[in-house]
Amino acid sequence: MSSFQENQDPHANDAAPYGGGDPYADYRTGDFPFTELVDLADRRLGAGVVAANDEFFAERENLLVRERAVFDPEHFGHKGKIMDGWETRRRRGADAENVFPTAEDHDWAIIRLGAPGVIRGIVVDTAHFRGNYPQRVSVQAAAFEGSPSPEQLLADDVKWEELVPPTPVRGHAANGFGTTSERRWTHIRLCQHPDGGIARLRVHGEVVPDPEWLELLGTLDLISVLNGGVYEDASDKFYSSPTQIILPGTSRKMDDGWENRRRRVRGTNDWVRFRLAAQGAVRAVEIDTAYLKGNSAGWIALQGRNGEAGEWFEIIPRTRLQPDTLHRFKLPAQAVVTHVRLDAFPDGGVARMRLHGTLTEQGAADLRARYQALGG
């Protein structure tokens, strides 16, 4: 949960008014270990803000923008100051004798996760909302089949489980909340009490794919985030997260992949390790260096192992890569693995990696058991 406590002073968590210069100079952040996990609410995975009760000052869709929020002190519109986030109007009480909203009054937005899964932590970012951020936030989660409409999500019989109770947040800050629920969720409801503005929302966790859907697909990308692939560790993540290697689609620019710093120690190389959702049989591999023109990996090699205690074995020997190019490798025999390690020699970037194949019988059984255990 957050590292700060509620204060008797309702303005104790305010940030100072913007005084000019770099608007992020006094931004307050924190060290949240769960941010190493994939953002289940990433637009690139198919996430969306499907409904909100109010977005008078700023649109709800801004919550999921990938880039950090920007601030222009001179940017005003017909409704007032234009902010890069989701901002609701000021709530009022019922009458002249009760001018403040009640303790129960709040605004809400419902977010469809791009990849359903177990939520390990949430970041509610109030960047640039210095005195107009919510006093508290809360988060609930629900699980739905198919593609429910906003009306279905708002029905009275929907059961929402509380992940984060109403908790004070700071203005112009990254507010992090660890969660403990061991369930597979498809949607969350972000509430701000009683009103205010939130710049960005991140929902970090572990993807839990539907095993029936994967079986229907037949051959699939066994390492894709959408299919349950997970980044475990890497030698270097100086410029960008290795998780981006296993995102769906093609990269859009140079930093939409994995790029490490320049390696100067001879006899060493960079590497990244991934875990498949379950045991799979790999038949073909794609390595893409899109947009990496002067900084792509010079050579790569791919190893695999079957099980946590399995021995590493070669899948692709050390092979020269071309910059800004999609490389395809047809394996002479299928490789049965649960983990893979991609080595880059001596350093450099990789935009995307795909492992095409199928789940083994054991892998499919393990995935079905986990899916059922998490409420799928």
Side-chain angles (χ1 to χ4, degrees), residues 32 34-51 61 63-66 109-123 139-148 153 160-161 163 177-179 181-190 200-217 220-232 240-252 256-258 274-278 280 340 351-356 359 363-364 366-376:
F32 311 123
F34 54 75
T35 57
E36 283 288 302
L37 301 172
V38 65
D39 180 6
L40 304 177
D42 192 328
R43 283 285 302 176
R44 292 171 295 181
L45 304 183
V49 187
V50 298
E61 288 85 1
L63 285 170
L64 304 188
V65 171
R66 293 311 308 163
I110 295 179
I111 294 91
R112 178 189 67 244
L113 300 180
V118 178
I119 298 171
R120 299 301 185 191
I122 296 169
V123 177
V139 181
Q140 297 90 40
F144 292 87
E145 294 292 333
S147 303
L153 294 168
W160 293 89
E161 179 174 315
L163 300 184
F177 305 90
T179 61
S181 173
E182 293 292 338
R183 289 286 308 277
R184 177 184 186 267
W185 304 112
T186 63
H187 293 73
I188 68 166
R189 182 168 60 188
L190 172 65
R200 298 288 187 266
L201 175 73
R202 304 292 183 248
V203 183
H204 296 280
E206 302 162 6
V207 178
V208 181
D210 181 348
E212 182 180 1
W213 175 250
L214 296 188
E215 290 171 7
L216 290 172
L217 291 179
L220 61 130
D221 179 4
L222 292 164
I223 201 64
S224 169
V225 161
L226 285 175
N227 297 332
V230 178
Y231 149 68
E232 284 195 328
S240 53
S241 169
T243 294
Q244 297 191 138
I245 297 179
I246 57 175
L247 289 177
T250 56
S251 64
R252 301 169 299 169
D256 189 10
W258 173 50
F274 298 98
R275 183 181 76 247
L276 283 62
V340 293
R352 294 289 188 271
M353 178 170 70
R354 311 279 184 235
L355 304 183
H356 299 290
L359 292 172
D366 291 343
L367 189 58
R368 280 194 298 270
R370 182 167 187 249
Y371 181 78
Q372 292 166 0
L374 294 172

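Here the structure is a predicted model, which means the values were calculated and not measured.
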Under the side-chain contact (heavy atoms from CB on, under 4.5 Å) criterion, do Val208 and Arg370 qualify, and how do the steps go? CA-CA 8 Å; Val208 181; Arg370 182 167 187 249; 3.6 Å; yes

Let's go through Ile119 and Leu113 carefully: what are the C-alpha distance in whole Å and the side-chain angles of both, what is the deciding distance for side-chain contact (heavy atoms from CB on, under 4.5 Å) to 0.1 Å, and is it a yes or a no? CA-CA 10 Å; Ile119 298 171; Leu113 300 180; 4.3 Å; yes

How far apart are the C-alpha atoms of Ile110 and Trp160, what are their side-chain angles, what is the distance that settles it, and do they pass the side-chain contact (heavy atoms from CB on, under 4.5 Å) test? CA-CA 11 Å; Ile110 295 179; Trp160 293 89; 4.1 Å; yes

Show the numbers, then the answer: is there a side-chain contact (heavy atoms from CB on, under 4.5 Å) between Val123 and Phe34? CA-CA 10 Å; Val123 177; Phe34 54 75; 3.8 Å; yes

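One distance of note links CG of Leu359 with CG of Leu217; it measures 10.0 Å at 0.5 Å rounding. Considering CG of Leu247 and CG of Asp256, their distance stands at 6.5 Å, rounded to 0.5 Å. Taking OH from Tyr231 and CD1 from Ile245, the interatomic distance works out to 9.5 Å, rounded to the nearest 0.5 Å. Ile188 CD1 to Leu40 CG: the interatomic distance, rounded to the nearest 0.5 Å, is 9.0 Å. Taken from CZ in Arg189 to CD1 in Ile111, the straight-line distance is 10.5 Å, to the nearest 0.5 Å. Residue Arg120 holds its CZ atom at 4.0 Å from CD of Glu182, rounded to the nearest 0.5 Å.
Listed by chain and number, the residues in a ring pair (Phe, Tyr, Trp, His ring centres under 6.0 Å) with His356 amount to none (sequence neighbours excluded). With sequence neighbours left out, the side chain to side chain donor-acceptor pair (under 3.5 Å) criterion links Asp39 to Arg66. Checked against side chain to side chain donor-acceptor pair (under 3.5 Å), Gln372 has no partners two or more places apart in sequence or in another chain. Every residue two or more places apart in sequence or in another chain that forms a side chain to side chain donor-acceptor pair (under 3.5 Å) with Ser181 is listed here: Glu161, Trp185. Under the rule for a side chain to side chain contact (heavy atoms under 4.5 Å, CB included), the partners of Ile246 that lie at least two apart in sequence or sit in another chain are Ile223, Val225, Phe274. Evaluation of the side chain to side chain donor-acceptor pair (under 3.5 Å) rule for Arg112 yields no partner, not counting sequence neighbours.
Leu45 is listed as a side-chain neighbour of Leu226, based on a closest heavy-atom distance under 4.5 Å. Using a 4.5 Å heavy-atom cutoff, the side chains of Arg352 and Thr250 are not in contact.
The two atoms that bring Ala278 and Gly363 nearest to each other are CB-O, 3.2 Å, heavy atoms only. Minimum interatomic distance between Gly375 and Arg183 (heavy atoms only, all atoms of both residues): CA-NE, 3.8 Å. Closest non-hydrogen pair, Ala143 versus Thr186, comes out as CA-OG1, 3.5 Å. In plain terms, the two heavy atoms of Thr179 and Gly121 that are nearest each other are OG1-N, 3.7 Å.
Only one option out of Asp221, Asn227, Leu220 pairs with Leu355 in a side chain to side chain contact (heavy atoms under 4.5 Å, CB included); it is Asp221.
Side-chain atoms of Ser240 come within 3.5 Å of backbone atoms of Gly257 as a donor-acceptor pair (strictly under, hydrogens ignored). Within the 3.5 Å criterion, the main-chain N or O of Leu222 finds no donor-acceptor partner in the side chain of Arg354. In this structure a side-chain-to-backbone donor-acceptor pair under 3.5 Å is missing from Ser251 to Ala351.
By the neighbour-count criterion of 12 heavy atoms within 6.0 Å, atom CZ of Arg43 is sparsely surrounded, having that number or fewer from other residues, nucleotides or ligands. Crowding of Glu215 atom CD: a count of heavy atoms from other residues, nucleotides or ligands under 6.0 Å exceeding 12.
Using the six-membered ring where Trp is involved, Phe144 and His187 have ring planes that are perpendicular, over 60° apart on the 30 and 60° scheme.
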